[in-house]
Peer 1: 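Quick one: this structure, given as structure tokens, is what I'll be asking you about.
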2 protein chains.
Amino acid sequence: MIKQEGTLALPGNTEVTNSQPSTFAGEKKFQEIFQVANTTRNQLCPVRDIVARISDKWSMLAIFALGGFGTLRFNEMKHKIGDISQRMLTVTLRNLEADGLVTRTVFPEIPPRVEYQLTPLGYGLMQQFSLLADWATDNGEQILRCRQLQRNAS
Amino acid sequence: MIKQEGTLALPGNTEVTNSQPSTFAGEKKFQEIFQVANTTRNQLCPVRDIVARISDKWSMLAIFALGGFGTLRFNEMKHKIGDISQRMLTVTLRNLEADGLVTRTVFPEIPPRVEYQLTPLGYGLMQQFSLLADWATDNGEQILRCRQLQRNAS
DNA sequence: CCGTATCCACTACGATACTG
DNA sequence: CAGTATCGTAGTGGATACGG
């Protein structure tokens, strides 16, 4: 007997052919993304680069903070995010700035004032990313349930 | 003089008011995402959890490989991804399985045969994620250019 | 064929202290 | 206020060897 875990994405075909089932539309598109993302020992890949950028511990929060509140000063962000360290906020913002996702404006005053804002590029990224966030809020619970079942089974 | 780096997301308003400029539509939506994602010392957040899952080094590639090619055996994936180690492919697939994103089907044969496939959940995630990948392929070059300029300036 | 087990290198991150 | 500098730790991923 076959050990089958979970449910399949596609209705099981009793007749297995070499071609993929017709329900598998869009397949080629994902193949292309795979090929692009799979830059085995080649040059760097924009997709993986961008995922890497937004997927560290704080970048996503920083981006959505700026998208949600507009312009923010350093300590405003630090206060909003709550448990981020000064160091990590600096590092995060510097990285985002280096990628052209946020601007950093220094006002030569005493005490110093520094304002951060999303660039059009950063705003676009956030919009795309918010779609993924929507999906995550819709389906996150199901994933967590799967994880629980898995842990209980082990 | 103000030290201004990069370009701003919004046209500069000479008159600054307390309210955000009207071009900043969608602000509230992003505030909400921020609030949800910013689970400061609260329980876990589905958005961050899912980002964490797809943002390790190999999960994204594994998902798109399955989405692009349908059903794959262990060594087929390993061959397609190229420079992934056996250990990391196992770990990656086990994590995806635990989250209900892929199924793992063991055929009790000698030699053993194990097939992996996306679940509906995993397929949905990949579709959302592919939109982000599209954005990345469109805008990745610009980000890389920004990064180059930054490095040359330093 | 499809894994585990073990060890090791690297780096992301946090805590703390100090500065213009 | 808005950072830097330094150090310690924990987790991630690679190489290698072995097992059912």
Side-chain angles (χ1 to χ4, degrees), chain A residues 2-5 38-41 48-49 51-62 65-66 71-99 102-117 154, chain B residues 2-5 38-41 44 48-49 51-62 65-66 71-98 102-117 154:
Chain A
I2 294 172
K3 189 183 166 207
Q4 170 73 59
E5 301 150 1
N38 189 25
T39 55
T40 314
R41 81 204 66 185
R48 292 179 75 167
D49 254 41
V51 172
R53 171 60 64 239
I54 62 175
S55 70
D56 60 26
K57 194 169 180 184
W58 302 111
S59 293
M60 193 188 91
L61 283 172
L66 290 174
T71 303
L72 288 174
R73 298 181 59 172
F74 185 87
N75 271 354
E76 286 176 331
M77 290 197 68
K78 181 158 162 41
H79 183 249
K80 282 195 189 305
I81 298 184
D83 58 349
I84 190 175
S85 68
Q86 211 166 20
R87 182 182 118 88
M88 285 319 294
L89 183 54
T90 304
V91 171
T92 302
L93 288 170
R94 288 296 202 282
N95 283 335
L96 294 173
E97 189 196 1
D99 283 6
V102 309
T103 54
R104 177 172 179 269
T105 313
V106 180
F107 296 90
E109 308 169 357
I110 307 256
R113 182 158 61 100
V114 181
E115 288 186 351
Y116 293 91
Q117 204 168 43
S154 67
Chain B
I2 295 173
K3 190 185 166 206
Q4 173 71 62
E5 301 152 0
N38 189 25
T39 54
T40 316
R41 79 205 69 187
L44 7 89
R48 293 178 75 170
D49 254 42
V51 172
R53 170 60 65 238
I54 62 175
S55 69
D56 61 25
K57 194 170 180 184
W58 302 110
S59 292
M60 193 188 90
L61 283 172
L66 290 174
T71 303
L72 288 175
R73 297 181 59 171
F74 185 87
N75 271 355
E76 284 177 332
M77 291 197 68
K78 183 157 162 41
H79 182 250
K80 282 195 188 303
I81 299 185
D83 59 348
I84 191 174
S85 68
Q86 212 166 18
R87 181 182 117 89
M88 287 318 296
L89 184 55
T90 304
V91 171
T92 302
L93 289 170
R94 288 298 201 279
N95 284 335
L96 294 174
E97 188 196 2
V102 309
T103 54
R104 176 170 180 270
T105 311
V106 181
F107 296 88
E109 308 169 359
I110 307 263
R113 181 159 61 101
V114 181
E115 288 186 351
Y116 294 91
Q117 203 169 42
S154 68

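So that the names make sense, note that chain A is the first sequence line, chain B the second, and so on, each numbered from 1.
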Peer 1: Measure the shortest side-chain to side-chain distance between A/Val51 and B/Met60 over non-hydrogen atoms and say whether it is less than 4.5 angstrom.
Peer 2: yes
Peer 1: Looking at A/Ala62 and A/Leu96, what are the two nearest heavy atoms and their distance?
Peer 2: CB-CD1, 4.0 Å
Peer 1: What I want to find out is whether B/Glu76 reaches B/Lys78 closely enough, with some N-O distance under 4.0 Å, to be called a salt bridge.
Peer 2: no
Peer 1: Looking only at heavy atoms, what is the nearest atom pair of A/Arg48 and B/Lys57, with distance?
Peer 2: NH2-O, 3.4 Å
Peer 1: Let me have a per-nucleotide readout for nucleotides 2-13 of chain D, 5' to 3', with B, S or -, counting only protein heavy atoms under 4.0 Å.
Peer 2: BBB-B------B
Peer 1: Nearest heavy-atom pair of B/Met77 and B/Ala65: which atoms, and what distance?
Peer 2: CE-CB, 4.2 Å
Peer 1: Could you tell me which non-hydrogen atom of A/Leu66 sits nearest to which non-hydrogen atom of A/Val102, and how far apart they are?
Peer 2: CD1-CG1, 3.7 Å
Peer 1: Rounded to the nearest angstrom, tell me the gap between atom CD1 in A/Ile81 and atom C1' in C/dG14.
Peer 2: 15 Å
Peer 1: Can you name the nearest heavy-atom pair linking B/Val106 to B/Arg104, along with the distance?
Peer 2: CG2-NH1, 3.7 Å
Peer 1: Can you check the A/Asp83 CG to C/dG14 P distance for me, whole Å?
Peer 2: 8 Å
Peer 1: Of all the heavy-atom pairs spanning B/Phe74 and B/Leu89, show the shortest one and how long it is.
Peer 2: O-CD2, 3.6 Å
Peer 1: Please report the distance, rounded to the nearest Å, between CD1 in B/Ile84 and P in D/dG14.
Peer 2: 8 Å
Peer 1: Round to the nearest Å and state the distance from B/Ile110 atom CD1 to D/dG19 atom C1'.
Peer 2: 13 Å
Peer 1: To 10°, what angle do the rotation axes through the five end pairs on each side of the helix from C/dC1-D/dG20 to C/dG20-D/dC1 form?
Peer 2: 50°
